[in-house]
Number of protein chains: 4
Amino acid sequence: MKGKVNTSIKDLKLVKERHEAIIDVAISLFQKKGFHQTTTREIAQHAGFSIGTLYEYIRKKEDVLLLVYDSIEQKVYSPLQALMKKGIYTKRKLITIIDTYFQLMDQVQEEVIILYQELKSVSDEMRYQILQKERGLVKMLSNVIKQVNEKQLTDEKIDLIANNILVQGHMWCFRRWNLHKQYTRTQFTNLQKELLQEQLFT
Amino acid sequence: MKGKVNTSIKDLKLVKERHEAIIDVAISLFQKKGFHQTTTREIAQHAGFSIGTLYEYIRKKEDVLLLVYDSIEQKVYSPLQALMKKGIYTKRKLITIIDTYFQLMDQVQEEVIILYQELKSVSDEMRYQILQKERGLVKMLSNVIKQVNEKQLTDEKIDLIANNILVQGHMWCFRRWNLHKQYTRTQFTNLQKELLQEQLFT
Amino acid sequence: MKGKVNTSIKDLKLVKERHEAIIDVAISLFQKKGFHQTTTREIAQHAGFSIGTLYEYIRKKEDVLLLVYDSIEQKVYSPLQALMKKGIYTKRKLITIIDTYFQLMDQVQEEVIILYQELKSVSDEMRYQILQKERGLVKMLSNVIKQVNEKQLTDEKIDLIANNILVQGHMWCFRRWNLHKQYTRTQFTNLQKELLQEQLFT
Amino acid sequence: MKGKVNTSIKDLKLVKERHEAIIDVAISLFQKKGFHQTTTREIAQHAGFSIGTLYEYIRKKEDVLLLVYDSIEQKVYSPLQALMKKGIYTKRKLITIIDTYFQLMDQVQEEVIILYQELKSVSDEMRYQILQKERGLVKMLSNVIKQVNEKQLTDEKIDLIANNILVQGHMWCFRRWNLHKQYTRTQFTNLQKELLQEQLFT
DNA sequence: CATGAATGAGGGTTCATTCAT
DNA sequence: AATGAATGAACCCTCATTCAT
């Protein structure tokens, strides 16, 4: 997924700088109006450079979405993978993972919403990769749970719980019109953890 | 929300007929390509009439989305409201409600996905109404749970469970690329119900 | 010009009735929004019958304009021609003609405005005929003046005065946003007549 | 009225250039076929650029009309206002003003015809402004006449004469199918001046 | 590297006109 | 005679993308 967005610019530092600007602007604009309603001109303008310059750093409008997805990957998937891959799996560790995940979701709310809404706007291959990433996450989380499976839950049930946890993280983003009124992030996280513990542990 | 889509056609039966055709086509096309990628011409063509005729039955492209939402309302919200409003609330009844809800979600998968993806494409007022509907559903479900609250769960926790249940229904739709491979609807429903019972009942 | 608007209806009385309805509606609508902004549907609707029925009494939208022009002809040109053709020409008679003309213009204000604004929307041949009518009027008025030419004005000057008079009549219509505030029709007519007399008579 | 037509182009010189091209083309096309019959594509094509480029220099089709009106203002109203505002008012000066006015009208014939025919196609506010401009002109001309009022004509009569003069200027444009055959501009002007002098002076 | 003017395919929408009932 | 549903050509306008400067 990394490096999918080619540019004609050689100065890599500049590329990174500009890409970050584009991502910031794009997230805020896509969030407000959606991908299709946002014009490339708007993106360029808000990012502080000309439309011509924008196209020095992307090839097609879709690339802007890819940049946003790249950014989610870096902010969410990579840290989570890193966290889940190392160390021994204990109840405590599982709780930490869930905690971290919810915290990360809180940080990338806008991106998650965009992910949910604009997945269709992306090329088939890209979409497949994004879903693969998500599948990987489910599997990893599932594995962690399976290793601390006190109650001898079936694999089926554990997989479902893993899915539920991930969706609960997303839900904090896409249902914020409802949830953020009633709960702080910590409240939300703690309640969900309590509820999960009743399913997971005796 | 009902009747928001005006027409220049006088024959009401015909209007209903055509609207249904439009909804069917729209769901399948929006599902495949999204609202913005789908042209009005395509909708007309697939529905079997000309672009001119399409515009005899809608006023603007957005109206097609409204038709789809109307349809969800009729298929989901109305039945659920009816179900939840009458009768006494027992554990058994709660289970029935959840069952029914999951079953309904299974029937309107495409619509739910569209709802998630195209909410942004709708006018502010419309969007508010749709979210209001959803808020109402949360509240209703919450109330039912509160009436069979064996474990003396706090209101906060119950509200969260209600949200979780509703999102689990949606999840069956928007995560089908993952879930439908592993579970049949009945399996999914039963597992979720089992998991919920551990949270709700002793 | 007469009878240019063919219909598929045999009942001539009905045709006349419907045509009059169409003319009334058209004048009011064209006046308000112009020919092109007015749709045939609107005309039919305001006239109290269906679009299908409208097209039983006209062949094309342009026909509606022709009907309006026919109506002007009947209300203005015919009476004026009749008046100017008969009798002997005296100062008194000239004054009467001018008086009558201004009075007629007052009665067909809307039609005149439409004439000025929509002449371009009419077929070349039709436009030619309308201008011919107007040329005829100039010539007739010119002739009358020439017969009471006390001051031995040149033909050139008399022709110009004739044109001026006719335009002054139109002006009462198309400059009413200015003139009708300041003058009643009688005041306007009398002042113009006074001014003309200084040009025509010693 | 000035500067009402916004642009997304930054190079002001280019904007002026293109606007002039648009005005030229528009006058000729509107003249031939009217505003509504003329398509934006035709305008672009005749102006020598693409439809996309046209829309870089206007926002809506109506803007093309505004450009034409702006142009009339610059060519007619501004010079006339300048002329009338300065200097002492004498018979001679009045004659000069009338002369200039008729000369200007001769130069903007097409524009005047468009003004007469497409006033309805313009937004209410714009129309009001255009009529205000015309009212201002009447008042100015009226004032000049009042200052050289040898014959002690009433204000009412003078106002009417002012209106007549202005309309006579327009008439040279919109009745050219008749007048230009019979008179050169100088003849027309001189005759009208002679006629006016009989009304104004002893 | 940066700019922004130019392009034109393509989309939403309208509306005069027809024709089966 | 009357109706009104159906049609589709045609119009306005947008916007991603290019390229000369």
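None of the values given here were measured: they were computed from a predicted structure. Naming convention: chains lettered A, B, ... in sequence-line order (proteins, then strands); numbering from 1 in each chain.
Between D:Thr53 and B:Arg59, the residue anchored closer to the 5' end of DNA chain E is D:Thr53, taking for each the nucleotide with the nearest heavy atom. In this structure, B:Asp11 and D:Glu56 both approach DNA chain F, and ranking their closest nucleotides by distance from the 5' end singles out B:Asp11. Checking D:Ile9 against C:Lys60, the closest nucleotide of DNA chain E that is more toward the 5' end is the one next to D:Ile9. Toward the 5' end of DNA chain F, the nearer of the two residues C:Gly48 and B:Phe49, judged by each one's closest nucleotide, is C:Gly48.
Within the 4.0 angstrom heavy-atom criterion, base atoms lie near B:Ile51. A:Ser8 comes within 4.0 angstrom of nothing in the nucleic acid, heavy atoms only. Base engagement by C:Thr40 is indicated by at least one non-hydrogen atom pair under 4.0 Å involving a base atom. Counting non-hydrogen atoms under 4.0 angstrom, C:Thr7 reaches nothing in the nucleic acid.
Remark: P of F:dC11 and CG of D:Leu29 are 13 Å apart, rounded to the nearest angstrom. Per the geometry, NE2 belonging to A:His36 stands 14 Å off C1' belonging to E:dG10, to the nearest Å. In this structure, the CD1 atom of C:Ile22 is 14 Å from the P atom of E:dA16, given to the nearest Å. When rounded to the nearest whole Å, the span between NZ of B:Lys10 and C1' of F:dA6 equals 15 Å. One atom, CD of C:Gln45, and another, P of F:dG4, lie 11 Å apart when rounded to the nearest Å. With rounding to whole Å, C:Asp63 atom CG is found 11 Å from E:dT18 atom P. One can place CG of B:Leu14 at 13 Å from P of F:dG4, the figure rounded to the nearest angstrom. Across the protein-nucleic acid pair, A:Gln37 atom CD and F:dT14 atom P stand 14 Å apart, rounded to whole Å.
Nearest heavy atom pair, residue D:Tyr69 against residue D:Ile114, reads OH-O, 3.8 Å.
Residue-to-nucleotide contacts include no donor-acceptor pair under 3.5 Å from the side chain of B:Arg41 to the base of E:dG11.
Here the side chain of A:Lys120 pairs no donor or acceptor atom with the backbone of B:Phe35 at under 3.5 angstrom.
Applying the 4.0 Å criterion to OP1 and OP2 of E:dA5, one finds that D:Tyr57 has every side-chain N and O outside that range. Proximity of B:Tyr55 to the phosphate of E:dT14: no side-chain N or O atom is located under 4.0 Å from OP1 or OP2.
Pair assignment for E:dT18: F:dA5, on the basis of Watson-Crick or G-U wobble contacts that are both within less than 3.5 Å.
Partner of A:Leu66 under the side-chain contact (heavy atoms from CB on, under 4.5 Å) criterion, out of A:Asp70, A:Val64, A:Asp63: A:Asp63 alone.
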Evaluation steps, salt bridge (Lys or Arg N to Asp or Glu O under 4.0 Å), between B:Asp124 and B:Arg127: CA-CA 5 Å; B:Asp124 289 354; B:Arg127 185 166 43 252; 2.5 Å; yes
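Taking atom C1' on both nucleotides, E:dC1 is separated from F:dT21 by 13 Å, rounded to a whole Å.
The pair D:Glu56-A:Arg41 meets the salt-bridge criterion, with a side-chain N (NZ, NE, NH1 or NH2) lying under 4.0 Å from an Asp/Glu carboxylate O.
Two residues are said to be in side-chain contact when any heavy atoms from C-beta on lie closer than 4.5 Å; B:Gln37 and B:Lys32 fail this criterion.
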